[in-house]
*Asks:* 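Mind looking over this structure? Questions follow.
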Amino acid sequence: MYDYEDEEEDMFGSPPPAKTTPEIDFKAELNADQFQAVTAPDGPALVLAGAGSGKTRTLTYRVAYLLTQGVSPEAILLLTFTNKASKQMLDRVEELTGVGAHRFLGGTFHSVGGQILRLYGDSVGLAKNFTILDDGDSDSLLNEIIRELDPSFFKTKENPKAKPIKGLISYARNVMEPVELIAKGRYPSNGELLAKIDDFAREYQDVKLERGLADYDDLLVYCLDVLSNNQDAAQYYQNRFSHILVDEYQDVNSLQAQIVDRIGINHQIMAVGDDAQCIYTWRGADLDQIMGFPEKHPDTKIFKIETNYRSSPEILKLANCILDNRAEESSYSKVLKPSRPHQDLPVVVPTMDGYQQADFILSKIENLVDCGAQYDDIAILYRAHYHAMELQVELSRRGLPFVITSGLRFFEQAHVKDLVSQIRFVANPKDITAFMRFACLLPKIGEKTAAKLLANAEKIAKEKELRITDALAEDSVFKKVPADAKEDWEALVETLRSIDRLAGSATPTKVVDEAINGWYHEYLRATYENWPRREEDLESLVDFASKHENLHEMLSQLVLLSSESGDRVVRQGEKYLRLSTIHQSKGLEFPHVFIIGLADGLFPNKRAIDGESDLEEERRLFYVATTRAERSLHLVFPMLSNQKGTPVRLMQSRFLKELPEGQYELHNAHSSYRQRQTGWNNFRQKGRGYGRSF
């Protein structure tokens with residue numbers, strides 16, 4: 001836990017004397033669209049800033065313009081989604097005007113909410129000296145509460161752990177829906193569980209208040225509570241702020257939007273965003289807030305900033321075609337206009353499978369580097385982390401420097417290592433490290449207990465001439481398993497025995513599939529809120545396994561690849577390729593961009609195609625991906641995928657089918673791939689080619 005940093009009291013006191021701001025020629029420093037938004041008259045305004053159109057510049061100059069019009073910095077509230085964004089804007093304002101950044105109230109919704117609660121939180125029952133819980137602390141507290149209310153809850157393997165329950169509670173609070181209703185969407189057939197989760201949520205809230213604690217969500221929930229029920233506080237902020245500026249308005253959730261509306265009761269709000277870049281509804285962002293802004297705030301003036309300073313005209317034409325295919329009733333019209341010189345058309349590249357997709361991209365990267373590009377000029381973007389598995393394999397084999405913006409490299413991820421450790425132990429029972437990894441996932445089993453259980457099983461295996469997996473199932477071992485872990489232990493050992501039975505004769509594909517669908521399947525669902533994405537990662541291991549003739553070969557390559565990726569440290573000043581999910585790439589730009597996995601079922605994903613999630617959000621995600629590119633754009637998709645060892649035909653993404661043919665070139669990667677593959681196979685036989693012989 002950590003204490004929230006107290007702000008200077010004079011931030012909310014009398015404003016210091018205003019400084020004279022230097023003259024700024026706004027018309028000369030802004031384009032016509034930006035100038036109209038920056039110099040907008042008082043009153044509600046919605047600024048629709050297209051990708052790469054200078055949104056941050058517009059916001060910065062808006063603050064500067066207000067200062068030149070005599071508005072006090074203390075009367076301006078700037079709300080952003082990251083402290084970094086707020087600091088950059090206010091530092092730039094200070095450069096432009098000489099007005100110190102400390103004089104504004106600006107920052108994330110959570111940081112501003114925390115400041116309000118320092119002054120008025122006691123009016124809603126929150127101690128003024130409250131302490132903020134970080135994620136780990138709040139997980140621990142909820143875990144403690146669940147064990148106190150229902151000591152047997154975690155002994156039932158079907159029940160989720162504390163972390164996914166906390167995620168569910170958090171989501172419900174941010175979208176302002178009852179916890180039980182959100183829980184019903186996650187666990188529709190378990191009424192008893194729904195009631196328990198609701199009880200846990202209520203007790204969790206009560207205990208935090210009793211102990212003077214607040215988690216991140218409380219900073220917003222109680223802030224709205226103060227503004228709704230404390231008239232003095234509400235009037236103070238409503239009268240203090242004559243101008244409220246909100247960045248990335250397409251990403252606000254219902255709770256954040258209501259906070260803005262409570263302070264901006266006089267409609268003195270400028271909301272800046274882009275409905276076409278709303279890609280976070282799965283974590284609570286509410287597209288209806290930006291779409292319904294003019295209705296909530298009468299006489300709203302709408303400004304469109306459409307000149308793009310990032311991408312070539314050819315890339316922008318393709319991006320505009322993506323927008324043309326959106327549903328009109330749920331979007332604002334927008335046409336990105338180019339300002340940069342012409343380049344080649346975007347390229348659509350069908351490949352045979354994920355490995356040929358990786359091969360094509362790396363060969364193209366070689367060409368780009370030969371033509372003068374640096375590695376850090378290049379980004380490979382994907383819908384989901386597992387789509388880049390084959391690419392990471394090839395990058396590691398060739399020793400090319402790369403980093404993952406969206407997190408750990410594929411083989412470093414906890415769930416991948418957890419699963420592989422079970423197969424490693426079956427293949428080599430002396431691999432104590434592997435045993436420790438999965439055994440310690442069970443409740444009440446630490447390294448000491450795990451070591452004792454393994455030692456007992458090894459003794460029995462030797463005495464009775466049993467395989468180690470069978471020895472682990474013996475009664476004398478089971479009796480020493482902690483009570484809380486017994487149910488999990490039985491399921492785990494049965495999975496290990498099943499893997500062992502297959503390991504000697506079955507293909508690596510069947511072994512991996514057995515491991516995925518065994519004990520770890522239930523563990524994953526109970527432990528992680530984002531278990532569907534993690535399951536997809538594990539399913540992609542089946543495809544990886546299908547490339548190998550036997551289990552030991554597969555494990556050798558897995559360990560080598562994991563070691564290479566894990567030990568690879570990018571040296572200071574070194575150029576490297578950027579791999580990223582599209583979500584993590586938002587706000588970034590690169591001269592050369594590859595978007596991979598553009599096949600139906602991958603992008604858009606299967607859940608969106610089946611109607612379980614929003615297909616329109618997938619289209620917006622495609623738009624965000626294409627507009628990261630400055631000079632060249634390659635849209636690549638595999639035509640075959642291995643599903644449990646069986647080749648399955650993939651169709652190109654429906655988003656590609658929607659594009660007019662004149663907006664891209666079609667590239668045939670097959671013939672060049674066969675020629676290169678023959679050469680590389682010859683190299684590999686001699687221990688060369690990939691930099692390592694496997």
*Asks:* Does the side chain of Val348 reach to within under 4.5 Å of the side chain of Leu656, using non-hydrogen atoms?
*Replies:*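 Heavy-atom side-chain distance check passes, below 4.5 Å.
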*Asks:* Give a yes or no on whether a salt bridge exists between Arg326 and Asp614, defined as a side-chain N under 4.0 angstrom from a carboxylate O.
*Replies:*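 Not counted as a salt bridge, because no side-chain N and carboxylate O are separated by less than 4.0 Å.
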*Asks:* Taking all non-hydrogen atoms of both residues, which atom of Ala319 and which atom of Thr627 are closest, and how far apart?
*Replies:*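 Smallest interatomic distance, heavy atoms only, reads CB-CG2, 3.8 Å.
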*Asks:* Any side-chain heavy atom of Cys278 sitting closer than 4.5 Å to one from Ile290?
*Replies:*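 They are not in contact (no side-chain heavy atoms under 4.5 Å apart), so the answer is no.
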*Asks:* Got a second to check how far Thr351's OG1 is from Ile596's CD1, nearest 0.5 Å?
*Replies:*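 Those atoms lie 9.5 Å apart.
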*Asks:* Please determine if Arg631 and Glu314 form a salt bridge, counting it only when a charged side-chain N lies under 4.0 Å from a carboxylate O.
*Replies:*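 Result for this pair is no, no salt bridge flagged.
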*Asks:* Okay, side chain of Asp247, backbone of Ala85: is any donor-acceptor separation there less than 3.5 Å?
*Replies:*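 No.
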*Asks:* Working note: Cys371 + Leu368, criterion side chain to side chain contact (heavy atoms under 4.5 Å, CB included); need CA distance, chi angles, decisive distance, verdict.
*Replies:* CA-CA 5 Å; Cys371 293; Leu368 288 170; 5.8 Å; no
*Asks:* Is it true that a side-chain atom of Asn517 and a backbone atom of Glu514 form a donor plus acceptor pair closer than 3.5 Å?
*Replies:*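 Checking the backbone N and O of Glu514 against the side chain of Asn517, no donor-acceptor pair under 3.5 Å is found.
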*Asks:* Write down the atom of Ala599, the atom of Phe637, and the distance for their closest heavy-atom approach.
*Replies:*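 Heavy atoms of Ala599 and Phe637 come nearest at N-CB, 4.0 Å.
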*Asks:* Between the side chain of Asn253 and the main-chain N/O of Asp286, is any donor-acceptor distance below 3.5 Å?
*Replies:*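 Pair absent, no side-chain N/O of Asn253 close to backbone of Asp286.
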*Asks:* Step by step, work out the side chain to side chain contact (heavy atoms under 4.5 Å, CB included) result for Leu635 and Val347.
*Replies:* CA-CA 6 Å; Leu635 310 170; Val347 181; over 6 Å; no
*Asks:* How long is the straight-line distance from CG of Leu441 back to CE of Met436, given to the nearest 0.5 Å?
*Replies:*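 If we round to the nearest 0.5 Å, Met436:CE and Leu441:CG are 12.5 Å apart.
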*Asks:* With a 4.5 Å cut-off on side-chain heavy atoms, are Arg620 and Gln250 touching?
*Replies:*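 The answer is no; the side chains never approach within 4.5 Å.
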*Asks:* Working to the nearest 0.5 angstrom, can you tell me the gap between Leu602 CG and Leu598 CG?
*Replies:*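 So the gap between those two atoms works out to 9.0 Å.
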*Asks:* How far does CG of Leu502 sit from OG1 of Thr509, to the nearest 0.5 angstrom?
*Replies:*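 OG1 of Thr509 is found 11.5 Å from CG of Leu502.
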*Asks:* To check you understand the geometry: which heavy-atom pair defines the closest contact between Asp274 and Gly50, and what is its length?
*Replies:*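 In this case the closest contact between Asp274 and Gly50 is OD2-CA, 3.8 Å.
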*Asks:* Looking only at the aromatic ring of each residue, does the gap between the centers of Phe425 and Phe435 stay below 6.0 angstrom?
*Replies:*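 Yes, the ring of Phe435 comes within the 6.0 Å limit of the ring of Phe425, centre to centre.
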*Asks:* Where do Lys606 and Glu536 land on the salt bridge (charged side-chain N to carboxylate O under 4.0 Å, His left out) test, with the steps shown first?
*Replies:* CA-CA 11 Å; Lys606 188 175 184 300; Glu536 289 175 337; over 6 Å; no
*Asks:* Please work out whether the ring planes of Tyr280 and His583 are parallel, tilted or perpendicular, with thresholds of 30° and 60°.
*Replies:*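 Tilted, since the angle between the ring planes falls between 30° and 60°.
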*Asks:* Any side-chain to backbone donor/acceptor pair from Trp519 onto Ile516? Under 3.5 Å, distance only.
*Replies:*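 Between the backbone of Ile516 and the side chain of Trp519 there is no qualifying donor-acceptor contact (under 3.5 Å).
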*Asks:* Looking at Lys510, I want to see if its NZ is surrounded by more than 12 non-hydrogen atoms of other residues, nucleotides or ligands under 6.0 Å.
*Replies:*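 Counting other residues, nucleotides and ligands, NZ of Lys510 stays at 12 neighbours or fewer.
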*Asks:* For a ring pair (Phe, Tyr, Trp, His ring centres under 6.0 Å) check, start with the C-alpha distance between Trp531 and His521, then their side-chain angles and the critical distance, and finish with the verdict.
*Replies:* CA-CA 9 Å; Trp531 59 264; His521 175 80; 7.7 Å; no
*Asks:* Compare all side-chain heavy atoms of Ile378 with those of Tyr576 and state whether any distance is below 4.5 angstrom.
*Replies:*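 The answer is no; the side chains never approach within 4.5 Å.
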*Asks:* If I compare all heavy atoms of Pro508 with all of Leu551, which pair ends up nearest, and what's the gap?
*Replies:*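 Smallest heavy-atom distance, with atoms named: CG-N, 3.8 Å.
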*Asks:* Would Ser312 and Arg340 count as a side chain to side chain contact (heavy atoms under 4.5 Å, CB included) if you check the C-alpha gap in whole Å, the side-chain angles of each, and the deciding distance to 0.1 Å?
*Replies:* CA-CA 6 Å; Ser312 71; Arg340 301 192 63 165; 5.6 Å; no
*Asks:* Measure the shortest side-chain to side-chain distance between Ile315 and Tyr664 over non-hydrogen atoms and say whether it is less than 4.5 angstrom.
*Replies:*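 Counting from C-beta outward, Ile315 and Tyr664 never come under 4.5 Å.
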*Asks:* Under a 4.0 Å N-O cut-off, is there an ion pair linking Arg578 with Asp376?
*Replies:*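 No, no charged N to carboxylate O under 4.0 Å.
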*Asks:* Just verifying a value: how many Å separate Gln374 CD and Leu577 CG, rounded to the nearest 0.5 Å?
*Replies:*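 Here the interatomic distance stands at 11.0 Å.
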*Asks:* Would you say the side-chain atoms of Ser86 pair up with the backbone N or O of Thr80, donor to acceptor, closer than 3.5 Å?
*Replies:*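 Checking the backbone N and O of Thr80 against the side chain of Ser86, no donor-acceptor pair under 3.5 Å is found.
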*Asks:* Quick test of your reading of the model: are Glu248 and Lys55 salt-bridged, counting only N-O distances below 4.0 Å?
*Replies:*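 So Glu248 pairs with Lys55 through a salt bridge.
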*Asks:* Answer yes or no: does atom CD of Glu661 have more than 12 heavy-atom neighbours from other residues, nucleotides or ligands under 6.0 Å?
*Replies:*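 Counting other residues, nucleotides and ligands, CD of Glu661 stays at 12 neighbours or fewer.
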*Asks:* Please tell me whether Tyr520 and His415 form a close aromatic pair, meaning their ring centres lie under 6.0 Å apart.
*Replies:*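 Between His415 and Tyr520, which both carry aromatic rings, the centre distance is not below 6.0 Å.
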*Asks:* Check this for me, if you would: do Lys334 and Asp275 make a salt bridge, where the nitrogen-to-carboxylate-oxygen distance has to be below 4.0 angstrom?
*Replies:*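 Between Asp275 and Lys334 there is a salt bridge, with a charged N closer than 4.0 Å to a carboxylate O.
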*Asks:* Judged by modelled atom types alone, do Tyr623 and Asn320 share a side-chain donor-acceptor pair under 3.5 Å?
*Replies:*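 Result is no, nothing qualifies.
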*Asks:* Quick one: are Phe544 and Met554 in side-chain contact, heavy atoms under 4.5 Å?
*Replies:*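 Result yes, sub-4.5 Å side-chain heavy-atom pair found.
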*Asks:* Whether the side chain of Arg310 engages the backbone of Arg628 through a donor-acceptor N/O pair (distance < 3.5 Å, no angle test) should be reported.
*Replies:*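 No, Arg310 side chain to Arg628 backbone: no donor-acceptor pair under 3.5 Å.
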*Asks:* Test side chain to side chain contact (heavy atoms under 4.5 Å, CB included) on Arg619 and Asn325; report intermediate values, then the result.
*Replies:* CA-CA 9 Å; Arg619 183 179 281 108; Asn325 289 299; 3.8 Å; yes
*Asks:* Measure the spacing between CD of Glu306 and CG of Leu316 and express it to the nearest 0.5 Å.
*Replies:*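 Atom-to-atom, Glu306:CD and Leu316:CG are 11.5 Å apart.
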*Asks:* Would you say Thr527's side chain and Leu524's backbone share a donor-acceptor pair under 3.5 angstrom?
*Replies:*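 Between the backbone of Leu524 and the side chain of Thr527 there is no qualifying donor-acceptor contact (under 3.5 Å).
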*Asks:* Tell me the closest heavy-atom pair linking Cys321 and Pro660, and the distance in Å.
*Replies:*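 Shortest heavy-atom separation between Cys321 and Pro660 comes out as SG-CD, 3.7 Å.
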*Asks:* Keeping the roles fixed (side chain from Gln277, backbone from Val624), state whether a donor-acceptor pair exists under 3.5 Å.
*Replies:*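 Absent.
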*Asks:* Sub-3.5 Å donor-acceptor pair from the side chain of Glu618 to the main-chain atoms of Asn605, do we have one?
*Replies:*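 Yes, the answer is positive, given that a donor and an acceptor are paired below the 3.5 Å cut-off.
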*Asks:* So, Lys304 and Ser333: side-chain donor and acceptor under 3.5 Å apart, yes or no?
*Replies:*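 Yes - a donor-acceptor pair under 3.5 Å links their side chains.
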*Asks:* Hey, can you tell me if Phe360 and Phe594 have their rings parallel, tilted or perpendicular (30° and 60° cut-offs)?
*Replies:*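 Phe360 and Phe594: perpendicular rings.
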*Asks:* Do Ile595 and Arg383 have side chains that get closer than 4.5 Å, going by heavy atoms?
*Replies:*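 Not touching, per the 4.5 Å side-chain cut-off.
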*Asks:* Check whether Ser585 reaches the backbone of Leu588 with its side chain - one donor and one acceptor, N or O, closer than 3.5 Å.
*Replies:*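 No, the answer is negative, given that no donor and acceptor are paired below the 3.5 Å cut-off.
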*Asks:* May I ask you to check whether over 12 heavy atoms, not counting those of Lys84, lie within 6.0 Å of atom NZ?
*Replies:*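 Atom NZ in Lys84 is not crowded, with 12 or fewer foreign heavy atoms closer than 6.0 Å.
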*Asks:* For atom NZ of Lys317, is the number of surrounding heavy atoms from other residues, nucleotides or ligands below 6.0 Å larger than 12?
*Replies:*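 Result for NZ/Lys317: open.
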*Asks:* For Ser498 and Arg501, does a side-chain donor sit closer than 3.5 Å to a side-chain acceptor?
*Replies:*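 Their side chains do contain a donor-acceptor pair, which is all the 3.5 Å distance test asks for.
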*Asks:* Can a salt bridge be assigned to the pair Glu394 and Arg397 using a cut-off of 4.0 Å between side-chain N and carboxylate O?
*Replies:*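 Salt bridge present between Glu394 and Arg397.
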*Asks:* Would you mind reporting whether Thr507 and Asn550 have side-chain heavy atoms less than 4.5 Å apart?
*Replies:*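 With C-beta onward as the side chain, the pair stays apart.
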*Asks:* Please find the pair of heavy atoms, one from Lys575 and one from Pro401, that lie closest to each other, and give the distance.
*Replies:*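 Scanning both residues completely, I find the closest heavy atoms to be O-CG, 3.4 Å.
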